[in-house]
Amino acid sequence: MTVQSSSKSSSDRVYIFDTTLRDGEQSPGATMTHEEKLDVAALLDEMGVDIIEAGFPIASEGDFEAVAEIARRTKNAVVAGLARAIPKDIDRCGEAVRHAKRPRIHTFVSTSPIHLAHQMKKTEAEVLDIIAATVSRARNLVDNVEWSAMDATRTPIDYLCRCVEAAIKAGATTINLPDTVGYATPDEYQAMFETVRNRVPDADKAIYSVHCHDDLGLAVANSLAGVAGGARQVECTINGLGERAGNAALEEVVMAIKTRGDALPYYTGIESTLLNRASKLVSAVSSFPVQYNKAVVGRNAFAHESGIHQDGMLKNTQTYEIMTPESVGVTKTSLVMGKHSGRHAFKEKLKELGYSLGDNQLEDVFARFKALADRKKHVYDEDIEALVDNEITEQSDRIKVLSLTVIAGTMGPQAATLTLDIDGQHVTRQSTGNGPVDAIFNAIKALVPHEAKLQLYQVHAVTEGTDAQAEVSIRLEDSTNGRSVTSRAADPDTLVASAKAYVGALNRLKLKQLRGNPGAVDLAHEARRGP
Ligand code: KIV
Ligand code: ZN
């Protein structure tokens, strides 16, 4: 745990509010299953996150269940749910978080002229009344209420101050002033907090919060500027996942504060050695790859390529390293894995990579590892990470790839024979296509009819060498509602990885449809019925 330095007082404590499961999951394509959300929440709690925003309970039955279950399970963190400024939203949110040891309702309303005129179609006076009524309603359900002024940074400061005053008077304990559209500069954002805190009567009755989007790449800088302006809660997400360009990245905020204590005299309660693990878990369950050169958790964040840098590093690591890899949970490889490695060594390797799996999952991943080691001489850390990612994301899949045979080459048409397991039923189809990938996707479409457009098909090699595993990323867009889902899968055979990634995306698409209309999707029936 990061310790409070003797020169820092409790007023320097910055509370970390993680919204990976709400704003992050709202990001197009980043749908997570119920189990995946529970895994992420458990790790955030273990990591010392102060507030976990677990979801938007009114959005769907699935969201409600996830927030309620996270509320029941979370040991230390405050568990928050999001609610619009609508009575039924607030009541539903209250119901979902009430089992938490420390429940919070987070309610928001737009305050900027453009939102009032075009989205809300309300006057300033009407919005002030809404704030008073909805915050009081939330306070009647829980003691801990956060109120957010959506689009605060494009709201005239006088009106923003009146809104904040109304929210505090009605009982809000946290005031969040988001840069919803990622428009502010750091100086402006800092000044906004200073003005509000100076001008609003009883301003000191609430904690102030930053919530920044990264449209101009300023989310972390703006968040830290808001803290300089007196905010003491930072809303952020693992890997910066979130709407459009994302939210401020939790790992960057935490490590900036930890590394630059001289310039940023604050501290957080985050156990930074779990950051790398959290990044990998969120990347796996959201199927959003982490950019190689991403600060703090990117694959290259601690890699030194040039001769001058390597020379410096050998002489003294501080020449080119401002924080150690170990401080964010990146450990040096000590065990090389191959087909003779046993269960014990494999378990140690998983520990070294930051994974803690249950017994059943461990057995499954070990079997996958053995199968891979039979086909590949050296199994690298990245290979094992891909195996664990596959295991985590496939655990609740209703459709699975059982077998695939492909005829490819210069003599078309290419053909694929695919067998899927759909809710326990095995179904097989042979299809042709314009190339082997097209043939596979046609077979999947024949077995599981769906209205989705392929938006992205990308292949990466997980490691070097011609025997490397291929990692395929797929994005599908549901043509009926424009929503998209993303999925990733790895396999030494690129075509098998392609089939698995497409099927993974389909599982997520069906999951989204189920969330909107529980019980509506009988996959096995659809497959029986055929195209
Ligand atoms: O960006 C935003 O304004 C939000 C609010 C709901 C807090 O996500
Ligand atoms: Zn947001």
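Atoms within each ligand, like the ligands themselves, are counted from 1 in listed order. As the structure is a computational prediction, the values presented were derived from the model and not from experiment.
The minimum distance between the Zn ion (ligand 2) and any N, O or S atom of His213 involves atom NE2. Restricting Asp23 to its N/O/S atoms, the shortest distance to the Zn ion (ligand 2) is reached by OD2.
Aromatic rings of Tyr502 and His450 (six-membered ring for Trp) have centroids within the 6.0 Å cut-off, being under it.
Side-chain contact check for His211 and Asp23: at least one donor-acceptor pair (N or O, by modelled atom type) lies under 3.5 Å.
Of all the heavy atoms in Val290 and Ser283, the pair that sits closest is CG2-CB, 3.8 Å. Contact detail for Gly229 and Phe193: the closest heavy-atom pair is O-CB, 3.5 Å. In plain terms, the two heavy atoms of Phe288 and Thr486 that are nearest each other are CE1-OG1, 3.8 Å.
Below 3.5 Å of separation, one finds no N or O of Asn176 facing any N or O of ligand 1. Between Glu235 and ligand 1, no N or O atom pair is found at a separation short of 3.5 Å. The distance criterion of under 3.5 Å between nitrogen or oxygen atoms is not met by Ser148 with respect to ligand 1. For His213, a nitrogen or oxygen atom sits less than 3.5 Å from a nitrogen or oxygen atom of ligand 1, counting backbone and side chain alike. Here's the thing with Asp151: none of its N/O atoms is less than 3.5 angstrom from an N/O atom of ligand 1.
Using a 4.0 Å cut-off between heavy atoms, Thr180 contacts ligand 1 through both its backbone and its side chain. For Arg84, no heavy-atom contact with ligand 1 is shorter than 4.0 Å. Counting heavy atoms closer than 4.0 Å to ligand 1, residue His211 contributes side-chain atoms (C-beta onward) but none from N, CA, C or O.
Annotation: atom 5 (C) of ligand 1 to nearest protein heavy atom, Arg22 NH2, 4.0 Å.
A cation-pi arrangement is absent between Arg22 and Phe56 under the rule of less than 6.0 angstrom and at most 45 degrees off the ring axis. In this structure, Arg13 is not positioned above the aromatic face of Tyr266 in the sense of NZ or CZ being under 6.0 Å from the six-membered ring centre and within 45° of the axis.
Among the atoms of Glu243, no N, O or S atom falls under 2.8 Å of the Zn ion (ligand 2).
Ile207 contributes atom CD1, which lies 10.0 Å from atom CZ of Arg232 (distance to the nearest 0.5 angstrom).
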